[in-house]
Each structure stands twice: as C-alpha cells, then as structure tokens.
Amino acid sequence: MMSMIGRRLAVGVFVIWGVTTLMFVLIRVAPGDPATTLLGPDATPEQIEALTERLGLSGNIVEQYLAYLRQLATLDFGDSFRTGQPAIALVSSRLPETLQLTLGATVIAAAVGLTLSLLAARRPDGAIDRVVSTISILFQGMPTFWVGIMLILIFALVLRVTPSSGAGTPAHLILPAITLALPFTAIIARISRATLTEAMREPYVQTARAKGLSRGEALRNHAFRNAMGPVVTIVGLQVGALVGGAVVVENVFAWPGLGTLIVDSVASRDYTVVQAAVFVIALFVLALNLVADIVNALLDPRIRVEANA
Amino acid sequence: MTDDVILRAPAVVRGRSRGRAARAAASIMRIVPIAIIAIYVLAAVFGPMIVPFDPVATQIVDRLLPPGATTSTGSVAVLGTDSTGRDMVGQLIYGARTSMLIGTLTVAVCTVVGVVVGLLAGYLGGIADTLLSRIIDILIAFPNIVLAIVVAGLFERGVAVVVVALSLAGWVSFARLTRGATLSLREREWVSAARVLGVPAPRIMLRHVLPFVFAPVVALVALEFGLIVLGEAGLSFLGIGLPHDIVSWGQTIAAGKAYLSTAWWISVFPGIALALLVVMTGLLGDQLNSRFQRGGVR
Amino acid sequence: MTDKLALSVRDLVVSTDADAPVRILDGVSLDVRSGRTTALIGESGSGKSILGSAVMGLLPDTMSAQGEIVFDDRQVLGIPERQRRALRGRWVAMIFQDPLAALNPSQRIGRQVGELLRRGGLRGKALEEGVVRLLARVGVPRPEERAHAFPHQLSGGLRQRAVIAMALSGGPRLLIADEPTTALDVTVQKRILDLLAEMQRDDGIAILFISHDLRVVSHIADDLVVLYAGRVAESGPARSVLSKPLHPYTRALARSVPSVSAASAVSDPIPGTAASPAARPSGCAFHPRCPLAREICRRETPQPREVVPGRVSACHFAEEFLDD
C-alpha cells in the first residue's frame with residue numbers, strides 16, 4: 001500500500017507541475033498585455049512596467065519560468081490586485097468552504113446512490129431497477145446550475161424552508177450539497193448497481209443464501225462490501241468532476257468557496273489569484289484521489305492485511 | 001466444471017423471455033433519442049426562419065409576460081417573455097442554435113485531435129505513447145470545467161475561444177479510446193501481416209486500424225456531445241466565453257435567476273431544453289455502445 | 001433399506017422461462033436416505049448442479065421448477081420463500097465446488113462460519129467457542145487462530161474444511177455437496193471425502209453428492225443416479241450399478257475410468273460430445289453416441305423403469321445387459 005501511495009504522490013507532483021506550467025503558458029499567449037489590461041488606458045508607462053515586473057512577466061521566458069517555479073516552491077504567488085492580500089492566503093481561506101461543500105455532497109451521493117443501488121440490485125431488471133436507472137439517467141443529464149436554481153425556486157422561494165443562497169448556517173449547505181450531489185448520486189447508483197448485480201452471482205453469495213439469508217441480507221452482508229472496490233475506484237476517478245461541479249454550484253448559491261473566487265478572479269483578471277487557485281484546486285483533487293485510494297485499499301483485506309504485516 | 005454453461009445462459013434467455021408488448025416498447029424507446037435529437041437539429045437549423053426573433057432588440061412593454069400571454073404586437077408568447085421583453089420560444093431556438101454550433105464544432109475538433117493522437121500513440125508506442133499518457137494524467141486530474149473557465153476567461157469572448165476551451169480536455173476520451181483499440185489491433189494478424197509486407201504505417205493505420213475504431217468513436221461522439229453542450233451552458237451561465245449578443249441557454253438561465261420569484265419561466269424552460277438534449281445524447285450513446293459491443297470488434 | 005428418506009425428488013422438471021422454454025431437468029426422480037450418500041453423476045451441462053440449486057430452492061430467477069421435492073415427508077416445492085428460507089442452512093445445507101469462491105473474501109473465516117450461530121442468538125464468548133468447536137470438528141488445526149484468518153490466507157484443503165464447518169453449523173439433516181473435491185489436490189481430496197464420511201457416521205446426515213468424477217463417487221456413494229442431458233439414465237445401489245451397468249451410458253462412463261471398471265484396464269473415452277438439454281436429441285437422448293442404438297431409440301423416449309428390484313434404467317434394451 002505504501003508503494004501505491006508513493007506512486008500516487010509522484011503522479012501528483014507531476015500533475016501539479018503540468019497544470020501550473022499550462023497556466024504559465026496560457027497567461028503568456030493570451031492576447032493583450034495583462035498589465036495594460038489591468039491598469040486601464042490611463043496608466044503611465046512606469047506603472048505598466050512596475051506591474052509587469054510584479055507579475056513576473058518581464059525578462060526572457062526562461063528567467064520568467066524559473067522565477068515562476070521558485071514561486072510555486074515557496075507557495076508565493078504574489079498579491080491579489082483586487083484586495084492586496086497574498087493570493088495564496090486568499091485562496092486558502094476559501095478552501096474550507098469548498099471542502100465542506102464537496103464532503104457534504106459526497107456523503108449525500110454515497111448514501112442515496114448506494115441505497116438506490118441496493119434496492120435495484122435485489123431484482124435486476126425488476127420494476128425498482130428500472131425506476132432507479134431512469135432516475136440515474138435524469139440526474140446525470142440535468143445541468144447542476146439549473147437544478148440548483150430549481151431547488152432555490154421550490155425550497156427557498158415557494159416552500160420557504162431553506163435559505164436561497166450564501167453561507168453561514170448548516171441550513172445554507174443543504175441546497176448546494178444536494179445540487180452538487182445529484183450527478184454523483186447517479187454515477188454511484190449506476191456503478192454500484194452493476195457491481196452488486198455481478199457480486200450477487202458470486203458463489204460466496206450463493207453460500208450465504210444457502211445459509212438461509214434472504215436476498216436482501218446476502219446483498220447487504222456479503223455482496224455489498226466486495227462490490228464497493230470498483231465503486232470507490234470509479235468514484236475516485238470522478239473527483240475532478242466533483243470539484244469542477246463544486247466550482248459551478250458555488251456560483252449558483254453565492255457560496256464563498258474556491259469556485260466563486262476563481263470565477264470572480266478570472267472575470268476581473270486577477271492573475272495571481274487565478275494561478276494560486278488553479279494550484280490549490282489541483283492539490284485538492286489529488287488529495288481527494290489519495291483518500292479514494294486509501295479507502296479502496298482498506299476495503300480489501302487482501303491488500304490491507306499485507307500492509308499490516 | 002459444473003453447469004456454468006447453463007447458469008450463464010439466463011442473461012440471454014431473459015432478454016427473449018420478455019413479452020411482445022415489452023419488446024414493442026423497447027423498439028419504440030430505441031427511436032426516441034434519435035427522434036428528439038433530430039427535432040433539436042431541425043429547430044436549430046430552420047427555427048429562425050419560422051420564428052422571427054431579434055436577440056438584441058428589447059420590447060420593454062412586453063417584459064416578464066407569463067406563458068400564454070398576448071404581447072403588444074398581438075402575438076401570443078407561448079412560453080412567456082424575459083426581462084427585456086424577448087420571446088422565450090425564440091430564445092430557446094436561438095439557444096439551440098448556439099448549443100448545436102458549439103457542440104458540433106467542439107466534438108469535431110475533439111474527435112479529429114483525439115483519434116489522430118490516439119492512433120499515433122497506440123501504433124507507435126514508445127515515447128509518443130508515454131508522452132500522451134502523461135498529458136492525459138494531467139488533464140484527467142484537473143477539473144475540465146475549471147480549465148475551460150480559466151482559458152475562456154483569459155481570452156477575448158468568442159465562439160472560437162469557447163470551442164478551444166472545451167476542446168482542451170474534451171479530446172482526451174477520444175484519444176484514450178483510440179489508443180486502447182489501436183494497441184489491441186496492432187497485435188492482430190492482419191495488421192502484423194501488413195507490417196511484414198512493408199505497408200507504410202500511415203496506410204496501415206488508415207486501412208486496417210481506423211475502420212475498427214470507427215464504431216466506438218461514433219458512440220463516444222454522442223456521449224461527448226451532451227457533455228460539451230453542458231459545458232458550454234455552464235460557461236455561459238457563469239458569464240464566461242460567449243459574446244453577450246449570442247443567445248445561450250446557460251446565459252438565459254442565469255438571467256432568469258434574478259426573476260425567479262416573479263417570472264420562473266425564464267430559467268425553467270431553457271433548463272428543460274438543455275436537460276432533455278443531454279439525456280437524449282446520453283441514451284443514444286449508450287444505445288450505440290451496446291450495439292457495437294454486441295457486434296463485437298474488440 | 002430401513003433408513004428414513006431424507007430427500008425424495010419426484011418427476012422434477014426445471015425449465016427456463018423463455019418464449020421457447022428449455023427443460024433443463026426433464027422428469028428427474030431420486031432419493032437420499034438419512035445416514036447414506038446418494039451420488040448424482042453426470043457430465044458438464046447434464047443439469048446436475050441445477051438439481052442441487054432446485055433442492056436448495058436457489059434456482060436462478062429465469063428458471064422455474066415443477067414436480068415434487070420432499071424433505072422428510074414435507075413437500076417444499078412451491079411453499080412460500082420465507083418458509084423455504086427457514087429450512088436452508090438448518091435443514092438442508094450445501095458445500096460448493098471452489099472453496100475460495102464460496103467464501104466471502106472480505107470476511108474472516110470465523111465470522112462466516114459463525115453466521116448461522118449468530119442468527120441463532122449466540123453472541124460473544126459463546127459464539128466464539130461455537131465457531132472454534134465447529135472448526136476443530138472438521139479438523140482445522142489451531143482453530144482459534146484460523147478463525148481470525150481471511151480466506152486467501154488458508155490452503156485449499158483448510159478452506160474446504162471451513163466451508164464444511166459452515167455447512168454443518170446449522171445442524172442440517174441433508175447436505176448437498178456439489179463437486180466438493182474437484183478444485184482440490186488429489187491428496188487433499190481423499191481427506192475431505194473421509195471427513196464427509198465421518199460427519200455422516202456421527203450425525204446420520206444424508207448426503208447428495210454431485211460429481212462428474214466416477215472415481216470419487218465410487219469411494220463414497222451408497223446409491224448412484226446417472227444423469228444424462230437432464231434425464232435419469234440409470235439409478236440403483238452404487239456397487240451394483242458400477243459392477244453391472246444397465247444403461248449403455250453408464251457402461252461407457254465406467255469404462256472411461258480404468259480403476260472403476262473391471263472390464264477394461266485402460267481408459268476408454270465416450271465418443272462424441274455430451275448432449276445438452278437445450279438441444280436434446282429425439283427419443284433416447286443418448287442415441288447419437290450409443291453403440292447399440294437402433295431405430296426405436298431415435299423415435300421413442302425410454303421411460304425409467306425398474307429392470308430388476310432396486311435397479312432402474314431408462315434404456316429400451318436394459319434387459320440385454322443382464323445377460324452380459
């Protein structure tokens with residue numbers, strides 16, 4: 001298991017290097033001089049030159065890149081143009097909110113998705129199975145930002161049971177978390193249904209039923225845990241999409257996380273914050289990936305036991 | 001060996017065991033996605049000829065009319081009007097046009113780039129393949145929509161920018177699929193035979209590998225089309241990418257958010273249009289996939 | 001023949017629920033007596049495992065059964081699933097072919113062996129002791145330690161012992177053993193067979209032993225039922241059936257295994273391939289492979305009949321074998 005984590009970390013470092021280098025290139029190939037764009041038409045040449053310097057956009061490209069890597073290593077992306085705070089501090093301060101949202105959504109998606117799959121797998125191709133698969137298709141196809149608005153319409157404006165946007169109380173988390181959870185609920189339900197149905201055909205499930213367990217008991221007590229490995233693996237691969245979804249959903253609900261920050265920063269061309277946010281998002285995705293790997297390993301005693309030995 | 005031949009058979013048997021009505025329903029279900037997608041295409045192509053609509057003109061007296069109301073010009077706004085008095089039906093049709101245009105362009109770019117890169121990496125192997133795998137690692141780990149937000153946000157607004165922003169990660173699934181198929185095909189006898197006979201590599205790929213990749217790629221085109229339309233709508237919803245005078249469902253949904261309590265229809269209808277299209281492309285993709293798998297190349 | 005009938009199967013038909021249903025089992029009858037072993041022998045695809053599933057009440061959803069399955073005077077085919085489930089594990093238990101596949105890979109052995117005890121209300125120390133006792137009884141050395149192992153940490157023989165312990169945990173009267181030694185090494189096979197025989201002697205359990213391997217069967221079977229393409233070809237006391245088969249299929253089967261048949265010293269495989277219930281030949285299903293086939297075998301399906309007392313054969317010409 002340690003070697004697996006080591007491999008993951010190596011890939012992670014590589015991915016972060018790749019993403020940040022992509023950012024470095026993009027900012028430099030984007031049309032228009034960032035300093036001029038930021039300062040507006042009335043800026044003096046001295047001001048522009050000073051800002052170009054601060055942005056790390058002066059000098060030749062190799063020097064710029066080396067300076068950029070140094071920034072990365074020290075986590076110093078410079079100050080935000082809008083607020084004057086260090087970009088990395090600004091980004092870090094938003095991280096807990098995004099973490100809260102993604103965790104909330106993951107819990108909901110896992111609970112609902114797994115429950116649906118357990119109901120569906122009891123009788124493959126039965127009535128419940130068909131209903132579940134229809135729900136999954138709908139959940140996956142509906143755009144989250146629209147679902148979010150519909151939930152606001154129904155629960156905040158018509159029924160008045162939840163706040164419509166913002167953050168602060170646990171009630172504020174409900175709608176954004178449900179919204180973000182929907183497509184992942186569908187994914188989890190679909191994959192888990194498939195692996196559960198397969199596991200139900202395994203001889204050890206027959207053994208369990210031969211011991212007098214009902215279909216449901218065999219499903220929950222024997223098939224379930226063994227079916228979760230592939231589910232966790234595939235859900236792990238969806239972590240990027242989860243964080244991407246969070247970025248969009250935050251903007252629907254004015255949730256003060258990384259997503260609203262990065263969209264605002266892109267809109268106002270706050271490059272330092274954009275770079276810091278991209279870096280932190282990449283790091284966040286990789287951390288979640290690692291968590292998925294570890295959960296997966298813990299599920300399978302054939303891996304776990306060897307790790308303990 | 002016990003009786004696993006018989007035990008495994010039921011999957012097939014069960015399919016046959018369904019009644020005539022169920023089979024008829026299943027065959028109707030097969031046509032539904034393609035039929036609905038066709039309606040979207042027709043609406044996008046011919047809609048503007050039937051429904052006159054000026055995306056930038058405003059008609060303040062007609063603003064926020066509910067569905068079914070009569071406008072100042074005497075026509076009926078079947079789905080209501082928006083905050084500047086524009087007809088919702090027209091918005092939906094022009095939105096469909098935008099989605100179709102961007103979806104088609106982006107999928108075209110992704111397919112061409114993905115298939116070519118995948119073929120090269122799979123066939124050549126070695127450094128080319130390693131390089132591709134690493135690039136894919138990066139693009140898979142990073143959220144596609146965030147990449148699109150940053151790229152589209154950095155450049156001038158325009159259709160081309162949105163296409164590029166969405167293509168940046170969109171080609172990956174095509175490349176992975178093609179690479180995988182190519183790797184397995186490369187070891188097939190007829191490919192080895194062609195290689196031994198000295199057929200040049202580009203020709204082998206065109207004649208002996210590409211035709212077998214075709215079917216799964218078509219299925220992927222349908223699946224990806226939906227995801228890309230969703231991505232475009234997401235960008236427009238966030239106010240990123242497209243110029244303001246281009247109508248997009250995402251932008252209409254965002255615009256309606258401010259009027260949710262008074263004019264729900266502005267956000268509701270484009271969302272339904274978008275969800276229906278995405279669901280149908282997904283179903284079509286699944287259908288094509290299962291058909292090709294049964295036809296069985298791999 | 002004073003032993004009580006533990007299981008009696010009469011005219012069992014198992015068919016697939018398709019538009020064109022296939023009779024996987026077509027009128028099978030057999031008996032298993034308490035304290036004795038009936039072996040059900042047949043080639044792959046003959047439907048012998050389906051019979052095991054039917055007796056357990058665990059047929060796949062796509063199949064349905066008609067006929068009689070009687071446990072100790074009680075017809076169980078068609079009774080509500082809830083009542084059927086109550087019998088499973090406690091009245092009838094099952095051992096499977098591949099012990100590694102039959103054990104849940106993510107649960108410790110003890111938990112799986114103790115599952116029925118737990119359902120019976122045992123907890124804590126009593127449960128632990130029960131599990132250890134069961135494991136010790138089936139000859140698992142250092143049972144306390146093994147109870148904490150995962151299946152992949154045990155050898156094939158120990159795994160099968162654990163599976164047997166699990167099957168015995170509910171104190172069943174009838175045990176269905178579906179190829180219990182096929183996946184094991186030859187040296188381990190013998191020990192597992194001895195263990196089954198020992199359990200049977202101690203508890204008077206009836207065993208339905210399903211196998212394709214006549215050599216294994218000849219060691220343990222009291223009675224023998226030969227299945228071909230979902231129908232009974234021949235049945236009777238094992239010793240007498242093997243020494244004097246009354247069906248050409250049984251004879252061919254016996255000859256294909258040198259050590260079983262006195263008639264031949266070398267292996268003599270049956271020509272052709274086994275008929276499948278899905279494409280059963282007309283008349284006697286065995287006729288395309290039968291050296292004695294005549295016109296009537298193609299046209300008429302021979303019904304199993306008692307040729308001599310205790311001996312049933314479904315061959316039109318069974319009597320001719322008596323003179324051999």
Side-chain angles (χ1 to χ4, degrees), chain A residues 1 114 120-130 192-193 195-233 294-309, chain C residues 49 52-53 55-62 81-109 111-120 148-153 159 162-163 166-170 172 175-176 178-179 183:
Chain A
M1 197 162 104
L114 294 178
R122 210 180 300 186
R123 296 263 172 207
D125 288 331
I128 299 176
D129 189 19
R130 278 170 208 204
S192 169
R193 180 236 174 241
T195 54
L196 277 175
T197 323
E198 211 171 292
M200 280 301 274
R201 284 195 284 263
E202 293 286 336
Y204 60 80
V205 173
Q206 290 296 304
T207 311
R209 299 211 54 208
K211 278 192 271 186
L213 272 68
S214 71
R215 227 178 251 270
E217 288 167 330
L219 195 59
R220 287 190 298 276
N221 301 349
H222 291 277
F224 186 68
R225 181 158 171 186
N226 294 299
M228 284 307 104
V231 175
V232 174
T233 304
I294 293 171
V295 169
N296 206 355
L298 290 179
L299 274 174
D300 189 343
R302 279 165 291 191
I303 301 176
R304 188 181 64 213
V305 168
E306 273 138 41
N308 289 346
Chain C
S49 288
S53 303
V55 173
M56 288 303 290
L58 291 176
L59 282 176
D61 289 342
T62 48
E81 168 64 17
R82 188 173 290 273
Q83 293 175 31
R84 194 72 188 271
R85 205 194 306 156
L87 294 169
R88 248 176 253 146
R90 300 201 161 80
W91 210 94
V92 53
M94 190 156 183
I95 308 173
F96 299 87
Q97 174 173 356
D98 179 355
L100 183 58
L103 290 165
N104 184 339
S106 62
Q107 271 184 17
R108 294 175 199 277
I109 294 289
R111 172 142 172 230
Q112 299 187 55
V113 170
E115 191 165 21
L116 261 178
L117 303 181
R118 206 182 149 78
R119 291 167 75 82
H148 292 284
F150 285 102
H152 70 276
Q153 296 168 318
R159 278 182 211 136
V163 169
M166 197 155 62
L168 295 177
S169 64
L175 185 64
I176 299 172
D178 188 357
E179 307 256 11

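Small disclaimer: the values here were computed from a predicted structure and weren't measured.
Annotation: side chain of C:I95 is not in contact with side chain of C:D178 (no heavy-atom distance under 4.5 Å). Inter-residue side-chain proximity for A:P124 and A:M200 is flagged as unmet; no heavy-atom pair is nearer than 4.5 Å.
Heavy-atom distances place no part of C:V163 under 4.5 Å from chain A, backbone and side chain included. For C:R119, the part lying under 4.5 angstrom from a heavy atom of chain A is the side chain only. Within the 4.5 angstrom heavy-atom criterion, only backbone atoms of C:L103 (N, CA, C, O) approach chain A. For A:Q206, the parts lying under 4.5 angstrom from a heavy atom of chain C are both the backbone and the side chain.
Salt bridge absent: C:R159 and C:D98 never bring a charged side-chain N and a carboxylate O closer than 4.0 Å. Taking the charged nitrogens against the carboxylate oxygens, C:E81 and A:R209 do have a contact shorter than 4.0 Å, which makes a salt bridge. Remark: A:R123 does not engage A:D129 in a salt bridge, criterion side-chain N to carboxylate O under 4.0 Å.
The shortest heavy-atom contact between A:R220 and A:F224 is O-CB, 3.3 Å.
Most heavy-atom pairs under 4.5 Å with chain C, from the set A:A210, A:A223, A:S214, A:P203: that is A:A210. Taking chain A as the reference chain and counting heavy-atom pairs below 4.5 Å, the highest number among C:A102, C:P151, C:G170, C:A167 is found for C:A102. Most heavy-atom pairs under 4.5 Å with chain A, from the set C:E115, C:M56, C:M94: that is C:E115.
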